[in-house]
Amino acid sequence: MVNTNHGVHKITSHTWLIDEFGLDTQYLLEGTERSLLIDTGTGVADLRALVEKLTGKPYDVAATHGHNDHTGGCIQFPQLFIHPDDIAMVNPTLENKQDYAAKILERYGAGDRPGFSLSDIVDGPLPKMIPICGGHTFDLGDRIIETLEVPGHTAGSIVFLDRKNHLLFSGDALNPIFLLWIDAPSPVDAARIFLGKAKQIAAMRRDGAFEAMYGGHCDKDPLDPQVLPDLIACAEGIIDGSISKKHKKIHIFDAPFYSFGLADILMDK
């Protein structure tokens, strides 16, 4: 595997944001005893070598959900913690990973992605899948990371809460460009499922459990704090019919979105 240079940014003295060339974002959290890697990216470079360069401690690897841009690099590790509802969708084939990376390159170009090319992507066997649900904790020594379930983007979407540092790592569960792709009888049913969990997360922020929220496609900065209330308002608008979907070209999507403030919700796969 080609060992290219990810973008690495320190969030705290023992927390790193890892930018996989604009494809997605991973996070490495270090405690006094262990570390935790959140998501494995698409797998276009040697993430394992980078992780082991940043931390000399033993570490676990967990996925926020099963999509290939968050589990594609899991083949570099012996095991992956993931919600049981998303295990079946983990299928980071070479073709799938190259297809996603090609779409990003076509949309944004390669100017800020030195060393990254489709030929860097490799295939390999899946690691051992270890199912985890809401309530699971990772004890890093002086730092406990909590797992919370937020179904909506996928049935098994989970987020990771670091109360000590007031951080929430939300994967794609609470993004401003939000793909509400959970299977449900209707868009209203899907929005209701997501809305209940999103309100719980918002209440936790109001209670001081976290201040900054880092998503699965951040650059250097956390998500705008207005994203969460706007997502909630947008879901409420879908449910009560006050918001209609309109066709937009956003990111790599050309599709109908429901929109409110900073939130754009796509429900068509």
Side-chain angles (χ1 to χ4, degrees), residues 11-12 15 17 24-31 34-40 59-67 70-71 80-87 89-90 129-176 178-184 190-218 222-232 234-236 263 265:
I11 297 173
T12 74
T15 308
L17 180 156
D24 37 67
T25 310
Q26 300 86 57
Y27 299 93
L28 180 63
L29 287 55
E30 185 181 62
R34 299 185 64 82
S35 294
L36 174 67
L37 174 67
I38 298 174
D39 284 339
T40 66
Y59 60 92
D60 294 311
V61 182
T64 56
H65 62 291
H67 286 154
H70 295 261
T71 61
L80 179 70
F81 289 89
I82 186 170
H83 193 282
D85 287 347
D86 275 16
I87 289 177
M89 73 169 56
V90 180
M129 300 287 166
I130 303 178
I132 56 171
C133 297
H136 181 91
T137 59
F138 292 91
D139 186 350
L140 307 185
D142 61 339
R143 193 175 184 184
I144 303 297
I145 309 301
E146 304 171 41
T147 302
L148 309 171
E149 297 181 5
V150 187
H153 180 54
T154 66
S157 287
I158 52 180
V159 302
F160 298 96
L161 176 62
D162 176 3
R163 290 181 188 267
K164 179 179 180 180
N165 293 286
H166 303 286
L167 300 171
L168 185 77
F169 301 92
S170 56
D172 287 356
L174 298 165
N175 280 344
F178 180 53
L179 313 182
L180 182 51
W181 284 351
I182 190 173
D183 290 331
R192 282 196 179 114
I193 291 170
F194 166 70
L195 180 61
K197 292 296 184 179
K199 284 185 172 180
Q200 290 178 17
I201 298 297
M204 294 178 73
R205 182 166 69 182
R206 289 193 299 271
D207 291 340
F210 68 95
E211 296 173 359
M213 185 168 70
Y214 284 87
H217 296 273
C218 287
L223 295 172
D224 189 309
Q226 189 60 37
V227 166
L228 184 51
D230 284 357
L231 282 170
I232 289 172
C234 195
E236 290 174 335
I265 297 181

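Side chains of Y27 and T15 form no contact here, defined as non-hydrogen atoms less than 4.5 Å apart. Side chains of L174 and V227 form no contact here, defined as non-hydrogen atoms less than 4.5 Å apart. Counting heavy atoms from C-beta outward, R205 and P225 have side chains that approach closer than 4.5 Å. Here the side chains of D24 and D39 are not in contact, with every heavy-atom distance at 4.5 Å or above. Side-chain contact check for D139 versus R34: every heavy-atom pair is 4.5 Å or farther apart.
When all heavy atoms are compared, the tightest approach of A235 to A191 is O-CB, 4.0 Å. Residues G66 and D86 approach most closely at N-OD2, 3.0 Å, considering heavy atoms. Nearest heavy atoms, V159 versus S170: CG1-CA, 3.5 Å. When all heavy atoms of L228 and A198 are compared, the closest pair comes out as CD1-O, 4.1 Å. For the residue pair P151 and K197, the shortest heavy atom distance occurs at CD-CG, 3.6 Å. Considering all non-hydrogen atoms of both residues, T40 and L37 come closest at CG2-CD2, 4.5 Å.
Rounded to the nearest 0.5 angstrom, I158 CD1 and E146 CD are separated by 13.0 Å. Atom CG of L17 sits about 8.5 Å away from atom CD of Q26, to the nearest 0.5 Å. The distance from atom SG of C234 to atom CG of L195, rounded to the nearest 0.5 Å, is 10.5 Å. Taken from CG in L80 to OG1 in T71, the straight-line distance is 7.0 Å, to the nearest 0.5 Å. Atom CD of residue Q200 and atom CD of residue E149 lie 10.0 Å apart, to the nearest 0.5 angstrom. Residue I11 holds its CD1 atom at 5.0 Å from CZ of F169, rounded to the nearest 0.5 Å.
Less than 6.0 angstrom separates the ring centroid of F178 from the ring centroid of F194.
Of the possible donor and acceptor atoms, none in the side chain of D207 sits under 3.5 Å from a partner among the backbone N and O of A209. Remark: the backbone N or O of A155 is not paired with any side-chain donor or acceptor of H83 at under 3.5 angstrom. Under a 3.5 Å cut-off, the side chain of Y59 and the backbone N or O of L29 do not form any donor-acceptor pair.
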message = Is there a side-chain contact (heavy atoms from CB on, under 4.5 Å) between D85 and T154? Walk through the geometry before answering.
response = CA-CA 8 Å; D85 287 347; T154 66; over 6 Å; no
key: Verdict with reasoning, R163 to I144, per side-chain contact (heavy atoms from CB on, under 4.5 Å)   = CA-CA 8 Å; R163 290 181 188 267; I144 303 297; over 6 Å; no
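The ring pair (Phe, Tyr, Trp, His ring centres under 6.0 Å) check on F138 picks up F81, H136, with sequence neighbours excluded. Applying the salt bridge (Lys or Arg N to Asp or Glu O under 4.0 Å) rule to D142 yields the partners K164; only residues at least two apart in sequence or on another chain are considered. E30 is linked by a salt bridge (Lys or Arg N to Asp or Glu O under 4.0 Å) to K57, counting only residues two or more places apart in sequence or in another chain.
Of the listed residues (T25, L223, L167, L168), just one forms a side chain to side chain contact (heavy atoms under 4.5 Å, CB included) with Y214, and that residue is L167.
For the residue pair H70 and D172, a side-chain donor N or O sits within less than 3.5 Å of a side-chain acceptor on the partner. Under the 3.5 Å distance criterion, with hydrogens and angles disregarded, no donor-acceptor pair is assigned to the side chains of N165 and T12.
Ring orientation note: the planes of H153 and H67 are nearly perpendicular, at an angle over 60° on the 30°/60° scale.
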